[in-house]
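Data block below; observations after.
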Amino acid sequence: MSPEIQTLFDAALAAQQQAHAPYSQFPVGAALRCERGLVHVGCNIENAAYPSGWCAEPTAISHMIVSGSREVRELLVIGNSDEACSPCGLCRQRLNEFVKDSGIRVHMAHPQRGLLKTVSFAELYPHRFGGEHL
């Protein structure tokens, strides 16, 4: 892993360890790099009143927004599944609001196995819907 990806991996892993996932037992961590080069993290936060929980990616986006940034430049998501843990459909739409360059890298990782897959945001979400469609 490059030092830049390792930084995202370490941050997402630390966030994953803080997840509140008592119902699914599936903790997820996310780390994104914004246009200022800062790393923002998030974890999933479940709630007994499904589906009112919160995924890791919008938690990281929220921290980015609070810091004054508005653009996701790179993302790493970490989960314990055998397959690469990809952002869900709703998270892809939420990310789309803050991804200006569809070529940004989205990394999917496992806590012990490391980086499993990297795709562009365009590959992850090929038919984007945004404000320009309204």
Side-chain angles (χ1 to χ4, degrees):
M1 251 186 277
S2 72
E4 294 83 12
I5 296 173
Q6 186 68 52
T7 297
L8 290 175
F9 180 88
D10 293 343
L13 182 61
Q16 182 193 32
Q17 294 167 359
Q18 299 305 316
H20 178 72
Y23 307 104
S24 71
Q25 301 298 309
F26 190 75
V28 178
L32 64 81
R33 190 179 320 279
C34 70
E35 76 273 15
R36 297 184 306 163
L38 302 173
V39 173
H40 305 279
V41 299
C43 61
N44 56 324
I45 305 165
E46 294 180 351
N47 188 298
Y50 277 101
S52 61
W54 199 250
C55 295
E57 298 89 340
T59 306
I61 291 169
S62 176
H63 289 139
M64 177 187 76
I65 296 300
V66 168
S67 83
S69 294
R70 293 292 185 270
E71 185 177 346
V72 175
R73 295 273 176 93
E74 190 169 18
L75 172 71
L76 188 140
V77 180
I78 192 165
N80 295 342
S81 61
D82 291 336
E83 299 294 321
C85 185
S86 172
C88 73
L90 182 55
C91 286
R92 292 172 195 206
Q93 182 61 39
R94 287 175 172 160
L95 285 161
N96 186 62
E97 190 72 18
F98 302 100
V99 170
K100 307 300 180 220
D101 175 2
S102 65
I104 71 157
R105 297 178 300 168
V106 178
H107 310 285
M108 294 162 253
H110 185 275
Q112 288 79 39
R113 296 179 15 228
L115 186 62
L116 300 177
K117 186 173 193 171
T118 297
V119 298
S120 70
F121 189 70
E123 291 172 296
L124 184 70
Y125 195 16
H127 302 288
R128 298 169 65 176
F129 175 83
E132 68 276 9
H133 296 101
L134 301 177

### Task
To the nearest 0.5 angstrom, please state how far the CD atom of Glu4 sits from the OG atom of Ser2.
4.5 Å

### Message
So Arg33 and Leu38, do their side chains get closer than 4.5 Å, heavy atoms only?
### Response
no

### Message
I need the Arg36 CZ to Glu71 CD distance, nearest 0.5 Å.
### Response
12.0 Å

### Query
Any link between Val28 and Val106 through a network of hydrophobic side chains (Ile, Leu, Val, Met, Phe, Trp, Tyr) touching at under 4.5 Å?
yes

### Query
Where do Cys55 and Cys88 come nearest, in terms of heavy atoms and distance?
SG-SG, 4.1 Å

### Task
Not counting sequence neighbours, which residues clear salt bridge (Lys or Arg N to Asp or Glu O under 4.0 Å) with Glu35? List them please.
none

### Task
Under the side chain to side chain contact (heavy atoms under 4.5 Å, CB included) rule, collect the residues that match up with Asn47, sequence neighbours excluded.
Ala49, Ser52

### Summary
Sequence neighbours excluded, the answer for side chain to side chain contact (heavy atoms under 4.5 Å, CB included) partners of Arg105 is Ile5, Glu74, His107, Thr118

### Query
Of the non-hydrogen atoms in Ala15 and Gly42, which two are nearest, and what is the gap between them?
CB-O, 3.3 Å

### Query
Measuring from Leu75:CG to Phe121:CZ, what's the distance to the nearest 0.5 Å?
9.0 Å

### Message
Per the salt bridge (charged side-chain N to carboxylate O under 4.0 Å, His left out) rule, what does the pair list look like for residues 109-132, sequence neighbours excluded?
### Response
none

### Task
Return yes when atom CD of Glu83 has more than 12 non-hydrogen atoms of other residues, nucleotides or ligands closer than 6.0 Å, and no otherwise.
no

### Task
Please answer: with hydrophobic residues joined when any side-chain heavy atoms are less than 4.5 Å apart, are Val99 and Ile65 in the same cluster?
yes

### Considering all heavy atoms, the nearest Pro58-Cys91 contact
CD-SG, 3.5 Å

### Query
Stepwise, does the side chain to side chain contact (heavy atoms under 4.5 Å, CB included) test hold for Leu124 with Ser86?
CA-CA 8 Å; Leu124 184 70; Ser86 172; 3.3 Å; yes

### Non-hydrogen atoms of His110 and Phe9 that approach each other most closely
O-CE1, 3.5 Å

### Message
Measuring from atom CD1 of Ile61 to atom CZ of Arg70, what distance do you get when rounded to the nearest 0.5 angstrom?
### Response
11.5 Å

### Query
Can you list the residues that meet the salt bridge (Lys or Arg N to Asp or Glu O under 4.0 Å) rule with Arg94, with sequence neighbours excluded?
none

### Query
For Asp10, what residues pass the side chain to side chain donor-acceptor pair (under 3.5 Å) criterion, not counting sequence neighbours?
Gln6

### Task
Spell out, yes or no, whether Val77 and Leu116 are grouped together once hydrophobic residues are joined by side-chain heavy atoms under 4.5 Å, including indirect joins.
no

#### Entry: Listed partners of Arg92 passing salt bridge (Lys or Arg N to Asp or Glu O under 4.0 Å), at least two apart
none

### Message
Applying a strict under-4.5 Å side-chain criterion to I, L, V, M, F, W and Y, I'd like to know whether Met1 and Met108 cluster together.
### Response
no

### Message
Among residues at least two apart in sequence or on other chains, which ones pass side chain to side chain contact (heavy atoms under 4.5 Å, CB included) with Ser24?
### Response
Ala21, Phe26, Glu46, Tyr50

### Task
State which residues pass side chain to side chain donor-acceptor pair (under 3.5 Å) with Gln93; sequence neighbours excluded, sorted by chain then number.
Tyr125

### Task
I would like to know whether Gln16 and Asn80 meet side chain to side chain donor-acceptor pair (under 3.5 Å); could you show each step before the answer?
CA-CA 10 Å; Gln16 182 193 32; Asn80 295 342; 3.0 Å; yes

### Query
Who pairs with Ala31 by side chain to side chain contact (heavy atoms under 4.5 Å, CB included), at least two apart in sequence or on another chain?
Leu8, Ala11, Ala12, Val39, Val41

### Query
Could you give all pairs that pass the side chain to side chain donor-acceptor pair (under 3.5 Å) test and reach residues 57-66, with sequence neighbours left out?
Trp54-Thr59

### Message
I'd like to check the ring-ring contact (aromatic ring centres under 6.0 Å, His included) partners of Phe129; sequence neighbours left out, ordered by chain and number.
### Response
His133

### Query
Any idea which heavy atoms bring His40 and Cys34 closest together, and the distance?
NE2-SG, 3.6 Å

